[in-house]
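All heavy atoms count here, side chains included; hydrogens, waters and symmetry mates do not. Chain letters run A, B, ... following the sequence lines, proteins first, then strands; residues in each count from 1.
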Amino acid sequence: MRLRFAPSPTGYLHIGAARTALFNWLYARKLGGTFLLRIEDTDTQRSTDESTRSIIEGLHWLGLDYDEEMVFQSANADKHRAAALQLIDAGKAYRDFTPKAERADANVKQEIAERARAASATGTDHRSNPFRDLSSQESNTRAAAGEPFAVRLKVAREGLSTFEDAVYGAQEREHSEIEDLVLLRSDGHPLYNLSVVCDDIEMRITDVIRGQDHLTNTHKQILIYEALGAPVPRFAHLPLILAPNKAKLSKRKHGEVVSLTTYRDRGFVPAAFRNFLALLGWSPDDEQELLSREQLVEKFSLSGIHRAPAVFNFNETDARQWTDQKALWMNAEYIRTMPVAELAVMVRAELEAAGLWKPEYETTRRAWFERSLEVIRQRFHTLKDFSGQGRAYFGDEFEFDDAAVKKNLQKEPRLRELLPALAARIEQTEPFTLETCEATLRAYADEAGVKAGLFINAARTALTGQSVGPSMFEVFDLIGREASARRLRDAARLI
RNA sequence: GGGGUGUUGGUGGAAUUGGUUACCACGCCGCCCUCUCAAGGCGGAGGCUACGGGUUCGAUCCCCGUACACCCUACCA
């Protein structure tokens, strides 16, 4: 059993494409099949190496490894051409000498509809082509004379094509509804439907899992398989992923939310995003939603794939909902429950990028580092938070949140004197632990005649710059005696 | 214009292949916990299962129609 993921390298890796790759990979891994990667770069105008790199990076990030060498479709163009020419000789395709009609990409849809309307009004068969029944002798002569031609598949006038889709069930289409599709452009360039089929045959693909946008194309491709005398693979089409307004998710309209790399760059844990993606258009038999890579492989089945398109829910006007809330929740869930050692690797990369990493976090301060992660990860949503909200735990350079300063420091002017005094007590606390810090702080609050909460909240802002965070005594313990005292004194100057 | 596919609370999905008060997760609201914010625990709001017919003792589930959405209909992929 052999499957493939065949993206075209035009722009970044779209999350819908990433999901298609995931499902192919899951199915291959579950059944012990082979998972291949083919880059469909026949559109030389739009294909870029950078895009190919981003696809490979994306797959790697998601943990989807592919078998065998990656295939570039453009390298097979000669074979595709040969196949088309072979079909002419076999009488299954013909040369169309009609001059090429220029078509503007922007209004093709409209043009198609208009053309169809006009054809039905005049009663002409849109499939009639004067060259379809040209004698092979004349066709050969004109070709030999150098006259340009496109190659079209000779679709039978009657009959119908059928196939069983693993997701959408039995599909059938009358041949009369299929135009004699172009296989080869008049400049010799092979077209999509021909190329995919040829490559899938060459790569001995047995199962094609791809987006539902190809469901109706499948009939045409089956016709090509048959003309070529090759076995037809099994098909499974995946429901599309739509934007909140039910429109197609597109780069132009929706921007970076549809790019897989965005999730990497904005601090997603790969396992979390993979988990989320797997649940878009598929669900396991039971109700478990948090699934490891192994569990996904084990539970995956084509029968769990849905037919209705899935809406990727996000809100461009609300920064907190820049992407699907469930994806965000799932990422937080992974951050707070995954083994700390695994998290440490990712946080290290994040801190390095932010210039906050210190080598001792992996040597002498390893225990401290992991304990810190354990404490602060409880309320973080992305890896970015470790260098953002969590900045004060890894260095003295951090920002003060204005609202926090107003509420926890400036609201009580007495703190200007009380904070340095508290700093002195904290400094002398021996031993310096979570418990002794608490005892010190509470004792001094009593002595000064203020509520412990006043000190606690003020200290939180003084030590971390924020109004929210872990239990304050944990914070003292993590930040340490010296830095804690220093920050308390420094904060007094903000009042 | 033609063809295809689909439609369960705001979102992702369930519902023993017709059987009592339509279930889970995210999100939202409230309470508890509490030094804040999360997490966690408890509770709640939110659905005439798109609409209209039909079959049936009984329909989310089967059939027909309508509406809407998306896809294909290209010498794009």
Side-chain angles (χ1 to χ4, degrees), chain A residues 6-8 10 40 42-43 45-46 96 98-103 105 108-109 111-121 126 148-152 165 168-169 171-174 177-179 181-187 189 191-193 195-196 211-220 237 239-240 242 244-248 276 279-290 304 306-314 321 324-330 332-333 336 378-381 404 407-408 438 441-442 451-457 459-461 466-473:
Chain A
S8 50
T10 53
E40 307 219 317
T42 50
D43 186 341
Q45 297 289 310
R46 294 191 293 164
D96 181 356
T98 311
K100 181 182 175 183
E102 289 304 332
R103 203 153 260 141
D105 256 27
V108 254
K109 311 250 180 218
E111 217 176 289
I112 289 165
E114 276 163 21
R115 202 158 46 109
R117 239 176 313 231
S120 78
H126 68 287
F149 60 86
V151 177
R152 285 182 185 272
D165 189 88
Y168 290 94
Q171 301 293 316
E172 57 173 62
R173 195 173 190 196
E174 299 280 342
E177 273 156 20
I178 303 177
E179 217 169 3
L181 58 144
V182 174
L183 266 19
L184 225 53
R185 267 200 256 164
S186 48
D187 62 5
H189 187 90
L191 253 30
Y192 173 74
N193 285 120
S195 295
V196 219
Q212 196 240 33
D213 45 345
H214 286 111
L215 190 62
T216 39
N217 281 334
T218 305
H219 289 101
K220 295 190 248 173
H237 287 85
L240 261 24
L242 267 27
N245 62 358
K246 312 252 188 218
K248 196 175 181 175
F276 172 75
L279 263 18
L280 226 43
W282 172 81
S283 61
D285 292 333
D286 52 30
E287 285 186 333
Q288 189 184 343
E289 293 198 311
L290 261 2
H306 313 139
R307 281 163 288 274
V311 171
F312 190 68
N313 199 17
F314 60 94
Q321 294 179 45
D324 199 294
Q325 294 265 282
K326 194 160 184 172
L328 249 14
W329 165 80
M330 200 166 265
E333 186 68 25
R336 96 172 70 90
Q378 300 302 330
R379 58 215 80 208
F380 285 176
H381 285 82
K407 190 174 100 197
N408 293 337
E438 173 158 16
L441 183 144
R442 288 192 189 280
K451 283 187 177 170
L454 177 72
F455 280 162
I456 289 171
N457 289 325
R460 176 156 20 246
T461 301
Q466 300 182 340
S467 60
V468 300
S471 162
M472 199 48 217
F473 305 108

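At the heavy-atom level, A:His189 lies under 4.0 Å from the strands shown only through sugar-phosphate atoms. Residue contacts for A:Asp43: at a heavy-atom cut-off of 4.0 Å it reaches the sugar-phosphate backbone alone, with no base atom in range. As judged by a 4.0 angstrom heavy-atom cut-off over every strand, A:Leu280 is placed among residues touching the sugar-phosphate backbone only. In this structure, A:Gly281 reaches the sugar-phosphate backbone alone: every heavy-atom distance under 4.0 Å involves primed, P, OP1 or OP2 atoms, never a base. Heavy atoms of A:Thr98 sit under 4.0 angstrom from at least one base atom.
With sequence neighbours excluded, the residues satisfying side-chain contact (heavy atoms from CB on, under 4.5 Å) with A:Thr42 are A:Gln73, A:His189, A:Ser195. With sequence neighbours excluded, the residues satisfying salt bridge (charged side-chain N to carboxylate O under 4.0 Å, His left out) with A:Glu333 are A:Arg336. Applying the salt bridge (charged side-chain N to carboxylate O under 4.0 Å, His left out) test to A:Arg460 and every residue at least two apart in sequence or in another chain returns nothing. Residues that satisfy the salt bridge (charged side-chain N to carboxylate O under 4.0 Å, His left out) test with A:Lys326, not counting sequence neighbours, are A:Glu289. Scored by the salt bridge (charged side-chain N to carboxylate O under 4.0 Å, His left out) test, A:Arg117 finds no partners at all (sequence neighbours excluded). In this structure A:Arg46 satisfies the side-chain hydrogen bond (donor to acceptor under 3.5 Å, both in side chains) test together with A:Asp43, sequence neighbours excluded. In this structure A:Ser283 satisfies the side-chain contact (heavy atoms from CB on, under 4.5 Å) test together with A:His306, sequence neighbours excluded.
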What does the list of N/O pairs under 3.5 Å between the protein and nucleotides 41-45 of chain B look like, with a distance for each?
none

Please list, for nucleotides 31-38 of chain B, all pairs of protein and nucleotide N/O atoms separated by less than 3.5 Å.
residue, atom, partner, partner atom, Å
B:C35, O2', A:Asn457, OD1, 3.2
B:C35, O2, A:Arg460, NH2, 2.8
B:C35, N3, A:Met472, N, 3.1
B:C35, N4, A:Ser471, OG, 2.2
B:U36, O2', A:Ser467, O, 3.3
B:U36, N1, A:Arg460, NH2, 3.2
B:U36, O2, A:Arg460, NE, 3.4
B:U36, O2, A:Gly469, N, 2.9
B:U36, O2, A:Gly469, O, 3.3
B:U36, N3, A:Arg460, NH1, 3.3
B:U36, N3, A:Gly469, O, 2.5
B:U36, O4, A:Gly469, O, 3.4
B:U36, O4, A:Ser471, N, 3.4
B:C37, O2, A:Arg379, NH1, 2.3
B:C37, N3, A:Arg379, NH1, 2.3

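Between A:Glu438 and A:Arg442 there is a salt bridge, since a side-chain N of the basic residue sits under 4.0 Å from a carboxylate O of the acidic one.
In secondary-structure terms, RNA chain B builds stems of at least 3 consecutive Watson-Crick or G-U pairs, each pair having both distances under 3.5 Å, at B:1-7 with B:67-73, B:10-13 with B:23-26, B:28-32 with B:40-44, B:50-54 with B:62-66.
For the pair A:Lys109 and B:G1, the criterion of a side-chain N or O lying under 4.0 Å from OP1 or OP2 is not met. Note on A:Arg117: a side-chain N or O is less than 4.0 Å away from OP1 or OP2 of B:G1. At B:G13, one or more side-chain N or O atoms of A:His306 fall inside 4.0 Å of OP1 or OP2 (strictly under the cut-off). A:Arg115 has no side-chain polar atom (N or O) that falls below the 4.0 Å cut-off from OP1 or OP2 of B:U73.
Between A:Asp96 and A:Val151 there is no side-chain heavy-atom pair separated by less than 4.5 Å.
With B:U11, B:U73, B:C75 as the candidates, the nucleotide lying closest to the side chain of A:Ser186 is B:C75. Which of B:A77, B:C71, B:C76 sits closest to the side chain of A:Lys248 comes down to B:C71.
On the C1' atoms, B:G18 is 32 Å away from B:G44, given to the nearest whole Å. Nucleotides B:C29 and B:G46 have their P atoms positioned 16 Å apart, rounded to a whole Å. With C1' as the reference atom, B:U66 and B:C24 are 33 Å apart, rounded to whole Å.
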- Scan nucleotides 22-28 of chain B nucleotide by nucleotide, 5' to 3', and note B when protein non-hydrogen atoms come under 4.0 Å of the base, S if they reach only the sugar-phosphate, - if neither. -SSBSS-
- Query: With the sugar-phosphate defined as primed atoms, P, OP1 and OP2, and the base as all remaining atoms, what B/S/- string results for nucleotides 2-9 of chain B, 5' to 3', for protein heavy atoms under 4.0 Å?
  - Reply: -BSSSS--
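The CD atom of A:Gln212 lies 4.0 Å from the OH atom of A:Tyr168; values are rounded to the nearest 0.5 Å.
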